[in-house]
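Just the heavy atoms: all of them, side chains too, but no hydrogens, waters or symmetry mates, feed the values below.
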Amino acid sequence: QLRLVESGGGLAQYGESLRLSCAASGFNLNDYTVAWFRQSPGKEREGVSCISANDGSTFTIDSLKDRFTISRDSANNTVYLQMNNLKPGDTAVYYCAADSNHGERPPYYSLRSSFESWGQGTRVVVGS
């Protein structure tokens with residue numbers, strides 16, 4: 001059974017950093033395009049960052065690209081989201097998602113596509 005588990009969320013203060021992890025079990029995450037999404041209270045879910053299975057290329061939305069970085073740890077079957085200089089507006093539940101069918105699609109387009117597997121989310125709260 002394919003399973004994604006997010007971890008690393010919690011309470012952070014303005015300007016601090018957190019690293020979220022998306023660990024996979026039951027499948028080789030290296031064969032999947034993986035993305036991070038977030039949903040803030042009262043807002044729609046937002047695509048944040050994506051890493052391609054095809055060539056490891058990445059994309060992070062413009063508003064976050066200076067602070068957030070996605071990376072893959074192949075040995076540990078995990079994808080990370082490094083979040084620096086956190087702000088209260090980053091408060092959200094963060095979800096990772098994976099899909100094996102994105103092929104050579106650039107991560108910019110993958111982030112706007114559907115994903116077949118989702119984790120349960122990890123909550124991030126940033127205080128001021």
Side-chain angles (χ1 to χ4, degrees):
Q1 181 179 356
L2 307 184
R3 187 166 179 238
L4 295 170
V5 178
E6 302 96 333
S7 62
L11 177 63
Q13 296 303 312
Y14 187 98
E16 292 184 343
S17 298
L18 286 175
R19 188 179 73 164
L20 305 183
S21 299
C22 174
S25 61
F27 62 103
N28 186 348
L29 197 57
N30 299 317
D31 296 332
Y32 286 68
T33 292
V34 180
W36 285 96
F37 294 81
R38 70 181 184 181
Q39 188 163 20
S40 302
K43 295 186 178 180
E44 293 186 355
R45 188 176 64 198
E46 174 185 40
V48 170
S49 192
C50 185
I51 186 164
S52 171
N54 180 48
D55 59 4
S57 57
T58 64
F59 172 80
T60 302
I61 59 174
D62 285 348
S63 60
L64 297 175
K65 65 182 180 180
D66 292 336
R67 300 190 293 119
F68 287 19
T69 304
I70 191 170
S71 63
R72 190 189 294 274
D73 182 345
S74 299
N76 289 307
N77 213 25
T78 299
V79 168
Y80 301 105
L81 183 68
Q82 178 69 41
M83 307 187 298
N84 297 328
N85 191 20
L86 284 163
K87 303 177 180 180
D90 297 321
T91 295
V93 178
Y94 286 74
Y95 301 91
C96 68
D99 198 292
S100 61
N101 299 309
H102 286 204
E104 297 181 355
R105 191 177 311 169
Y108 171 89
Y109 294 105
S110 283
L111 197 57
R112 290 153 177 78
S113 305
S114 62
F115 282 79
E116 59 188 355
S117 299
W118 290 80
Q120 294 300 307
T122 185
R123 185 176 301 275
V124 173
V125 177
V126 183
S128 55

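Under a cut-off of 6.0 angstrom, the local environment of CZ in R112 is crowded, with over 12 non-hydrogen atoms contributed by other residues, nucleotides or ligands. Counting non-hydrogen atoms of neighbouring residues, nucleotides and ligands closer than 6.0 angstrom, the CD atom of E16 exceeds 12 such neighbours.
At distances below 3.5 Å, at least one donor-acceptor pair connects side-chain atoms of N77 with backbone N or O atoms of A24. No donor-acceptor distance shorter than 3.5 angstrom exists from the side chain of S21 to the backbone of Y80, with no hydrogens or angles considered. Not a single donor-acceptor pair under 3.5 Å links the side chain of E104 to the backbone N or O of N54. Looking at E6, its side chain never comes within 3.5 Å of a backbone N or O of C22 through a donor-acceptor pair. Without hydrogens or angle criteria, R19 side chain to Q82 main chain gives no donor-acceptor distance under 3.5 Å.
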Apply side chain to side chain contact (heavy atoms under 4.5 Å, CB included) to the pair E116 and N101, showing each step before the final yes or no. CA-CA 9 Å; E116 59 188 355; N101 299 309; 3.5 Å; yes
Carefully, step by step, assess T78 and D73 under the rule side-chain hydrogen bond (donor to acceptor under 3.5 Å, both in side chains). CA-CA 5 Å; T78 299; D73 182 345; 5.9 Å; no
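Residues satisfying the side chain to side chain contact (heavy atoms under 4.5 Å, CB included) criterion with T33, sequence neighbours excluded, are C50, S52, A53, H102, S110, F115. Looking at residues two or more places apart in sequence or on another chain, you find a side chain to side chain contact (heavy atoms under 4.5 Å, CB included) between Q39 and R45, Y95.
Close placement of the Y32 and F27 rings is indicated, their centers lying within 6.0 Å of each other. The aromatic ring centres of F37 and W118 sit less than 6.0 Å apart.
Within the 4.5 Å cutoff, the side chain of V5 has no heavy atoms near those of the Q120 side chain. Counting heavy atoms from C-beta on, the side chains of V124 and T91 never come closer than 4.5 Å. Looking at S17 and M83, their side chains never come closer than 4.5 Å, going by heavy atoms from C-beta outward. Taking 4.5 Å as the limit, some side-chain heavy atom of R38 sits within range of a side-chain heavy atom of F68. Considering only heavy atoms from C-beta on, S7 stays 4.5 Å or farther from T122 through its side chain. L29 has its side chain within reach of R72: a pair of non-hydrogen atoms, C-beta onward, lies under 4.5 Å apart. You'll find the side chain of V79 reaches within 4.5 Å of the side chain of I51, heavy atoms only. Looking only at side-chain heavy atoms (C-beta outward), L18 and N84 stay at 4.5 Å or farther from each other.
Using a 4.0 Å cut-off between charged side-chain N and carboxylate O, K65 and D62 make a salt bridge.
The NZ atom of K87 sits 13.5 Å away from the OG atom of S128 when rounded to the nearest 0.5 Å. The line from SG of C96 to CH2 of W36 is 5.0 Å long, rounded to the nearest 0.5 Å. Taken to the nearest 0.5 Å, the CG atom of L111 stands 8.5 Å off from the OG1 atom of T60.
A side-chain N or O of S74 and one of N30 form a donor-acceptor pair less than 3.5 Å apart.
The minimum heavy-atom distance linking S117 with L2 is given by the pair OG-CD1, 3.7 Å. Annotation for L86 and A12: closest pair CD1-CB, 3.8 Å, computed over non-hydrogen atoms.
In terms of hydrophobic clustering, with Ile, Leu, Val, Met, Phe, Trp and Tyr side chains grouped at heavy-atom distances under 4.5 Å, Y14 and Y94 are assigned to different clusters. By the criterion of side-chain heavy atoms lying less than 4.5 angstrom apart, applied directly or through intervening Ile, Leu, Val, Met, Phe, Trp or Tyr residues, L64 is not grouped with V125; the two fall into different hydrophobic clusters.
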